[in-house]
Each structure stands twice: as C-alpha cells, then as structure tokens.
Amino acid sequence: MRILVTGGTGFIGSNTCVELMKNGHEVIIVDNLYNSKIDVLEKIENITGQMPRFYQTDILDHDGLESVFKIHSFDAVIHFAGYKAVGESVEKPLLYYRNNIAGSINLYEIMHKYQVKKLVFSSSATVYGDDFEVPFKEEYGLGTTTNPYGTTKKMNEMIISDMGYADPEISSVILRYFNPIGADETGLLGEHPNGIPNNLVPYIAQVVSGQRDYLRVWGDDYDTPDGTGVRDYIHVVDLARAHVKAIEYAAEHIGTEVINIGTGKGYSVLEVLHAYEKACGKEIPYKIMDRRPGDIAVCYADTKKAKELLGFEAEYDIDKMCQDSYRFTQNSI
C-alpha cells in the first residue's frame, strides 16, 4: 500500500515508517519538524535501504497538506502528527486544541475529498482518564480526561467514530497506546525531543549524557508500591509493528475499532530509573518534586483485543527498552 504518515519523522512515526517499509509498503511522510529533525530521513534510509518521500508541511496548512494528496494517490493514512506533552497542554490548552483538533480536521476533510478511507489514528491511554480500574479495557469507552492533551485525543476518537457512522465504507483503527520508550536496535531512531523532554526516559537519557544534573520525579505519594506513578511502557519497535498490523487490518475490514497497545504490565518511575541504571552501569541522580498537574497514579493496558484482532503481542521487556534507549543516547552524544 501507499501510505501517508503524518508526523513521520517523530519518535514513533519514524520507527513505524521503518517497519512499514520492511513489510513492503510505500511511505510518504508529512512533518513540520516541530519536534523532530530532518536527519531522521537519512537514518531511515540507512536502516531500510530506501529514502521515503518527504514533505515539510504543517497539518494546520490546509493547502500545503492538500498539495501532497494532489501529487500522490494514497491507499491509507497513519496519523501521528500532534503535540503530546501533558504538562504543556495544561499550561497552553488553546495551542493543543488548535493544533491537534483543527489540524486533524484538515486532514480528515482532505481524506474525504480524495476518497481515502483507511485510517490508523495515534491515540492514547489518557482517554481513559481516572474513571476506571486497571487494567484499562477498550470496552470502558472514553473517560473524563484529566488534561487538554488527553481531551484532544478523546475528541479525535469521537470525530473518527462519527465519520465512520456517516460513511460505512470508512475503515479506522484507533490505537490507544500507553508509554512508548526504547529505540530501534541500531540505535539510530530514538526519542530526541527539542527542548526540555516531557517524557520520562528521554529526560533520564539527558541526565545520563550530562545535559541535566538530575531526574525530576513528579510525586512520590501516589497509592503505588513505591509512591511513584506506574505506567505501561512499551518498546517503540513493538508499537511500530502494531501499526503495520493495524493498517493491514484496516485494508481488510470496514468500521471503526479501538485497540489498546501496551504490554499489560506496569512499571513505576523508580523501576524504570533502576532499569536504566542497569543498562548504563551507573547511578542516576534524582529529586522528588510535587505532583505534576494532570497525571494519574496507575495506568496499564488490557491487551487481549490486540492479540485477538491483530495477532499482536509485545515482545520486549523493560530491560530491553532501556538498553536500546541507552544505545541511542550513546550514538547521539
């Protein structure tokens, strides 16, 4: 299939492009490089032997985005592009609503105009909010989100569901993923955000590489075994493989499916920190801070549906995730 990947030079997007290309799909990337770097394209070529087509375009630029559809006839779209920092979304809600909602609507309108009816959407476990008991199950539906980032994912899911109701030929797979970390095994494609990292492992990596003095741990008074937040961390390559399975599922089925992508196991912030210490062979300093607005205590997935519908199961454990992340960190210094 010829697949448009929005946000394809980002952490998850780039690894997904690699897996798509390894499986024989043609990839065209749209990205504004807001939180990624252009040299990712060369890294994708180094890994796959192929250079994907790339357009530096913002999803808020309706005409620029449509120009890509005029050049290429797409079989499907995988939609990653969007802002993703929970804390920043609490501070700048309008920025998140404009980019993540208005930009997505631009994309969906253009898909409709050019009759592209297969979509995989990058959603998040944040749509469950704090309303349900873990493990989170797809059948719970949408919860009361605790931050604007999560609300933009929730609203996108509602829009996609309504589009499918209006057009029964549309096939959409909404992947609610948990916490992607790690890097590809070459150490070329990992998470290297611009500015101050908003996610745990890239921040740990910057402490290890000497860019920061210590890790800030947001709260140690949660109702968890060690008081720090517990999350379901999944290796980014596992997550990328899930996208390949999802887009191939969409090619064969119609309707809208919502599927969790995780490991089904939770790790605390300190457990991840200690796994990274094991990977890099040294102690990593940290300080306990106040809780961060919008965070919840525990979040991990029920993964039965992914196995039943997609035949997908995560392969890699937390040690492998941290080892690959550290290899990427070493390559990036």
Side-chain angles (χ1 to χ4, degrees), residues 1 3-8 10 12-13 16 20 30 58-60 62 65-66 68-69 74-84 89 96-129 131 136-145 147-178 180 239-240 242-262 301 305-306 309-310 312:
M1 289 189 285
I3 302 168
L4 174 67
V5 182
T6 71
I12 304 169
T16 298
L20 288 167
V30 162
D58 196 303
I59 57 172
L60 284 171
H62 190 284
L65 188 58
E66 184 174 4
V68 181
F69 280 77
F74 295 111
D75 298 301
V77 172
I78 300 180
H79 181 28
F80 292 108
Y83 297 154
K84 64 174 187 175
S89 78
Y96 273 66
Y97 288 118
R98 173 173 293 279
N99 187 76
N100 293 8
I101 301 302
S104 295
I105 289 172
N106 277 344
L107 174 64
Y108 303 149
E109 286 177 338
I110 297 167
M111 288 177 65
H112 176 74
K113 180 176 179 178
Y114 289 85
Q115 294 292 292
V116 181
K117 295 178 182 282
K118 298 176 181 63
L119 171 69
V120 171
F121 175 66
S122 162
S123 191
S124 165
T126 56
V127 301
Y128 290 111
D131 295 342
F136 291 150
K137 301 178 181 180
E138 295 91 345
E139 64 201 54
Y140 288 162
L142 296 166
T144 305
T145 46
N147 55 76
Y149 162 73
T151 304
T152 66
K153 293 298 187 183
K154 177 179 176 178
M155 293 173 70
N156 260 287
E157 289 199 19
M158 295 168 67
I159 292 166
I160 292 167
S161 178
D162 287 342
M163 290 192 307
Y165 182 81
D167 183 352
E169 293 183 357
I170 287 178
S171 176
S172 299
V173 179
I174 295 168
L175 297 182
R176 290 178 181 164
Y177 33 91
F178 284 65
L239 182 58
H243 284 80
V244 177
K245 290 182 176 292
I247 204 69
E248 291 174 350
Y249 178 90
E252 300 296 329
H253 301 80
I254 58 172
T256 302
E257 291 288 353
V258 176
I259 304 174
N260 288 336
I261 303 296
K305 190 173 181 181
L309 256 60
L310 304 182
F312 170 79

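In this structure, N106 contributes its side chain and L60 its backbone to a donor-acceptor pair below 3.5 Å. Listed for the N100 side chain is a donor-acceptor partner under 3.5 Å among the backbone atoms of Y83. The main-chain N or O of G150 is never found under 3.5 Å from a side-chain atom of T145 such that the two would form a donor-acceptor pair. For N260 (side chain) and F136 (main-chain N/O), a donor-acceptor pair under 3.5 Å exists by modelled atom type.
The nearest pair of heavy atoms linking A301 to G262 is CB-CA, 4.4 Å. Residues P168 and I254 share a closest heavy-atom pair of O-CD1, 3.5 Å. Shown here for A250 and S171, the closest heavy-atom pair between the two residues is O-OG, 2.9 Å. Shortest non-hydrogen contact noted between P148 and S89 is CG-O, 3.1 Å. Of all non-hydrogen atoms in A246 and L175, the two that sit nearest each other are CB-CD1, 4.0 Å. Nearest heavy-atom pair across Y108 and I159 is CD1-CG2, 3.9 Å.
Once rounded to the nearest 0.5 Å, the distance linking NE2 of H112 with CD1 of I105 reads 14.0 Å. Interatomic distance, I261 CD1 to L239 CG, rounded to the nearest 0.5 Å: 7.0 Å. Here the OG1 atom belonging to T256 is positioned 8.0 Å from the CE atom belonging to M163, to the nearest 0.5 angstrom. Expressed to the nearest 0.5 Å, how far CG of L119 lies from CD1 of I247 amounts to 7.0 Å. Here I101 contributes atom CD1 and K153 contributes atom NZ; the two are 9.0 Å apart, rounded to the nearest 0.5 Å. Note that the CD1 atom of I174 and the OG atom of S123 stand 6.5 Å from one another [nearest 0.5 Å].
Between Y97 and T151 the shortest side-chain heavy-atom distance falls below 4.5 Å. The shortest distance between side-chain heavy atoms of H62 and E66 falls below 4.5 Å. Taking the side chain as every heavy atom from C-beta outward, K305 and E139 never approach each other to under 4.5 Å. Counting heavy atoms from C-beta on, the side chains of V258 and V173 never come closer than 4.5 Å.
Judged purely by distance below 3.5 Å, without hydrogens or angles, the side chains of S124 and Y177 never pair a donor atom with an acceptor atom. Counted by atom type alone, H79 and S122 present zero donor-acceptor pairs between their side chains at under 3.5 Å.
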*Would you please test D75 and V116 for side chain to side chain contact (heavy atoms under 4.5 Å, CB included) and show each step?*
CA-CA 6 Å; D75 298 301; V116 181; over 6 Å; no
*Would you sort out whether D167 and K117 count as a salt bridge (Lys or Arg N to Asp or Glu O under 4.0 Å), showing the intermediate values?*
CA-CA 9 Å; D167 183 352; K117 295 178 182 282; 2.4 Å; yes
*Worked verdict on V5 versus V30 for side chain to side chain contact (heavy atoms under 4.5 Å, CB included)*: CA-CA 6 Å; V5 182; V30 162; over 6 Å; no
*asked:* Checking I78 against F121 for the side chain to side chain contact (heavy atoms under 4.5 Å, CB included) test, could you report, in this order, the C-alpha distance in whole Å, the side-chain angles of both residues, the deciding distance, and whether it holds?
replied: CA-CA 6 Å; I78 300 180; F121 175 66; over 6 Å; no
*What do the steps show when you test T6 against L107 for side chain to side chain contact (heavy atoms under 4.5 Å, CB included), and what is the final call?*
CA-CA 9 Å; T6 71; L107 174 64; 4.1 Å; yes
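Enclosure of atom OH in Y165 is not indicated, since only 12 or fewer non-hydrogen atoms of other residues, nucleotides or ligands lie within 6.0 angstrom. Other residues, nucleotides and ligands contribute at most 12 non-hydrogen atoms within 6.0 Å of the CD atom of E169.
Between H243 and F80, the ring planes lie tilted relative to each other; the angle falls in the 30° to 60° range. H253 and Y249 have parallel rings, their planes meeting at less than 30° on a 0 to 90° scale where 60° marks the start of perpendicular.
Between F74 and F69, a ring centre-to-centre spacing shorter than 6.0 Å is recorded.
No option in E138, E157, E257 other than E157 meets the salt bridge (Lys or Arg N to Asp or Glu O under 4.0 Å) test with R176.
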